[in-house]
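Both ligands and their constituent atoms are indexed starting at 1 by order of listing.
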Amino acid sequence: MAGTTSYLDVSFSPTTLLLCFSCIVVALLIHTKRNAKTIKSGLRWAPSPPGYPIVGNLPDIIKAANADRLHLLIQTWAKEYGPVVKVSAGRIDQYFINEDKAVKEILDKHSATTSDRPRWIYSNEYVCDQKNVLLLSASHPRWKNQRKMINSMVTSPAAADAALPLNNFETARFLHAVIADPLANTPQQNVWAKLKRYQYSLFALQTFGFPINNEDSPSIDFIFCKRDLSYWVPGSGSSPLNALDTDERTDSVFESIKGTLPGARIVETFPILEKLPMALKPWARAGRDAHERDLMWCRERMQRCKDAIAKGTALPYCTLARLLQDPKLGGLDSEDEAAYINLELIGAAADTSMMTMWGFLEAMLSYPAIQKKAQAEIDATVPDRLPVWEDLDDMPYLRCIMKEVWRWRPPVALGHPHVAQEDLEYEGIHIPKGAFLHLNAWAIHHSENRHKDPDAFIPERYEGDERSSQQSINLADPTQRDHFAFGAGRRICPGYHVAERSFFVGFSRLLWAFDIKPKPNAKLPLPHDSGFNGIMPGSRSKDLPFMLVLRDESRRSVIEQEYQQEMANFEVVLGMGDL
Ligand code: HEM
């Protein structure tokens with residue numbers, strides 16, 4: 001594919017050869033030093049799958065990632081080696097935490113010393129210029145400041161409630177777009193594009209205060225991981241990991257996440273390369289360019305936001321407008337940081353929310369009886385209006401579905417790595433300072449020891465569990481926690497109140513309005529353990545073979561009325577122009 005370089009295609013210029021040679025020498029030294037380390041008596045090293053000299057398990061990881069089977073490979077290792085597995089990927093040992101009790105002990109109870117992030121030279125230092133909460137080291141003062149601001153202005157229950165009108169507005173627009181589509185009720189309808197617009201617009205409004213009105217908005221392409229759209233072609237042998245260190249242009253904000261994947265950038269495996277002069281550091285040039293591009297994009301929107309403030313038209317729930325009007329800037333360092341963090345928040349919120357909805361649609365497609373049962377509950381509660389967040393308590397089966405979707409298809413299946421800031425032990429296993437710690441949500445959620453028939457979608461397994469995400473996260477007994485989709489410890493996703501609201505409003509309305517049916521030639525059941533070709537490990541691609549069919553004509557007029565009402569409520573928003 002144009003613009004990408006396969007792992008085996010690297011041309012061997014003299015500089016490349018010199019680089020490779022230096023890397024091998026450094027790796028050998030590190031390898032020898034690491035193996036020479038001793039540990040406290042009575043402790044043992046974590047079990048580890050066999051690997052290759054120096055590069056360890058990296059070739060297996062890359063092969064599995066390229067085939068979209070990374071989550072399945074590490075699940076196999078979890079089954080074979082137990083609750084904590086050491087996977088060596090070059091310089092750093094990656095520890096996968098594969099059991100609920102181990103998560104509680106290592107990430108929750110020891111969270112004071114297990115909440116750091118790895119040093120990501122390319123992604124954190126260049127692409128994000130240390131302005132992105134997700135990648136910042138826990139010791140960087142900006143991390144605490146950003147979390148505090150996000151909690152008070154975006155993700156607290158009160159802030160999440162304040163955004164409910166936006167959820168109602170955007171979901172009404174989504175339902176209306178589906179019924180108004182000339183391809184409605186046909187296999188050609190493009191639900192993916194409509195879903196993407198609505199999720200991105202929802203979070204664009206909460207952050208920068210501007211909607212996204214068009215399905216083909218360049219802002220979506222700019223922010224969204226384009227992996228399954230153009231960057232990556234299934235079966236072509238290309239992969240996001242193939243970006244390596246070529247000078248190719250980075251393609252979206254998701255670049256910063258791609259850069260954190262093991263093997264994506266050679267400088268993360270061999271940080272000594274960062275000492276090279278700039279001319280020999282293509283990752284630095286690409287990262288700086290990406291940051292410059294992203295900052296310019298943010299500054300343009302910030303100027304529009306300032307203009308709206310001056311005119312008195314800035315929206316009350318727009319985080320950036322609130323920050324800019326706060327003399328203390330919400331505790332942040334600069335206006336640039338304020339704008340940039342809002343861009344990163346759209347990325348954190350929209351992609352994961354979209355993957356959640358996609359997991360839900362996959363479940364409904366594969367389990368029609370569950371779909372009917374859910375619709376029966378909705379019809380009994382709200383026969384002639386669209387559901388709202390406040391209906392959740394009257395719909396216990398829908399709550400079970402939410403929990404089951406996040407268990408069955410956790411959007412961040414292999415967790416976002418933490419780093420141990422000091423030596424730890426778990427059940428006699430030594431975990432050294434500096435180890436990368438991955439919460440392996442996929443393996444935990446799909447373990448027979450935790451859930452009966454774990455690969456099946458069975459919302460009933462949560463019957464009687466009426467806890468919110470927060471209540472479940474705070475349980476003392478981790479075996480009772482519903483799922484680990486939002487992570488753990490001090491680094492836990494702050495967005496779960498927002499995510500619960502947006503998911504419930506979105507999927508309850510979708511089920512109220514439509515039957516989710518297989519396309520005429522769909523092959524069901526979908527294989528559960530195939531390569532998913534989705535945007536993250538464990539998630540399905542946009543090619544899910546389903547269609548949305550209006551349940552009956554009486555629902556059309558309810559959708560029309562609701563849509564007209566919301567368009568009137570949000571007339572000002574619509575006049576503000578696209579993000
Ligand atoms: C279904 C939706 C979502 C899922 C599954 C999800 C999942 C996650 C996960 C697994 C992490 C890493 C946690 C860890 O390191 O232990 C994370 C971090 C984060 N999420 Fe979410 N998230 C979702 C929605 C949201 C929303 C709606 C927002 C904001 C409105 C948000 C903001 C963040 C932020 C800022 C971080 C970085 C936290 C840090 O590193 O300190 N997320 N999310």
> If you leave out waters, which protein N, O or S atoms are less than 2.8 Å from atom 21 (Fe) of ligand 1?
Replying inline: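 Counting only protein N, O or S atoms under 2.8 Å from atom 21 (Fe) of ligand 1, the list reads Cys493 SG.
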Lys/Arg-Asp/Glu bridge criterion (N-O < 4.0 Å) met for Asp465, Arg399 =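 A salt bridge is absent here (no side-chain N lies under 4.0 Å from a carboxylate O).
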_Pair Lys131 + Asp333: basic N to acidic O under 4.0 Å_ = no
Subject >> Distance flag, aromatic centroids of Phe96 and Trp77, threshold under 6.0 Å >> reply: no
#### Entry: Polar contact flag, side-chain donor to acceptor under 3.5 angstrom, Thr207-Asn342
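Absent: no donor and acceptor within the cut-off.
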Is it true that the side chains of Asp116 and Ser137 contain a donor and an acceptor less than 3.5 Å apart?
yes
task = Please identify each residue that fulfils ring pair (Phe, Tyr, Trp, His ring centres under 6.0 Å) with Phe546, with sequence neighbours left out.
result =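 Partners of Phe546 by the ring pair (Phe, Tyr, Trp, His ring centres under 6.0 Å) criterion, ordered by chain and then number, come out as Trp358.
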Paired with Ser469, the side-chain hydrogen bond (donor to acceptor under 3.5 Å, both in side chains) test is passed by just one of Lys403, His483, Glu500, namely Glu500
Under 3.5 Å: N/O of Thr155 near N/O of ligand 1: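 No, there is no polar N/O contact under 3.5 Å.
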Below 3.5 Å, N or O to N or O, backbone or side chain included: is there any such pair between Trp406 and ligand 1?
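No; every N/O pair is 3.5 Å or more apart.
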Under 4.0 Å, heavy atoms only, figure out whether ligand 1 is touched by the backbone of Ala488, its side chain, both or neither.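 For Ala488, the contact with ligand 1 is made by the backbone alone.
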For [atom], tell me which residue out of [options] has the closest non-hydrogen atom.
| atom | options | answer |
| --- | --- | --- |
| atom 41 (O) of ligand 1 | Arg147, Arg490, Arg117 | Arg147 |
| atom 7 (C) of ligand 1 | Gly347, Ala160, Gly489, Ala485 | Ala485 |
| atom 13 (C) of ligand 1 | Arg491, His416, Glu500 | Arg491 |

Name the orientation class of the two ring planes belonging to Phe570 and Phe169 (parallel below 30°, tilted from 30 to 60°, perpendicular beyond 60°).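 Geometry flag for Phe169 against Phe570: parallel rings.
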Parallel, tilted or perpendicular: which describes the rings of Phe532 and Trp442, with under 30° parallel and over 60° perpendicular?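 Ring orientation of Phe532 relative to Trp442: perpendicular.
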Query raised in the report: Taking only heavy atoms of Pro411, which atoms of ligand 1 are found under 4.0 Å from at least one of them?
Result: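 That gives atoms 5 (C) of ligand 1.
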| task | Can you sort out which atoms of ligand 1 are near Trp143, meaning under 4.0 Å from one of its heavy atoms? | result |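 Result: 39 (C), 41 (O).
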### Message
Applying salt bridge (charged side-chain N to carboxylate O under 4.0 Å, His left out), can you list everything that pairs with Asp100, at least two apart in sequence or on another chain?
### Response
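With sequence neighbours excluded, Asp100 shows a salt bridge (charged side-chain N to carboxylate O under 4.0 Å, His left out) to Arg450, given in chain and number order.
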Give the residue, atom name and distance (to 0.1 Å) of the protein heavy atom nearest [atom].
| atom | value |
| --- | --- |
| atom 1 (C) of ligand 1 | Thr356 OG1, 3.1 Å |
| atom 35 (C) of ligand 1 | Val133 CG1, 3.6 Å |
| atom 16 (O) of ligand 1 | His418 NE2, 2.8 Å |

**Prompt:** Below 4.5 Å, heavy atoms only, C-beta onward: do Ser201 and Arg173 meet side chain to side chain?
**Reply:** yes
Close approach of Leu134 to ligand 1, heavy atoms, under 4.0 angstrom:
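For ligand 1, residue contact (heavy atoms, under 4.0 Å) with Leu134 is present.
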Residue set satisfying side-chain contact (heavy atoms from CB on, under 4.5 Å) with Ser539, at least two apart, ordered chain then number -> Met355, Ile535, Met536
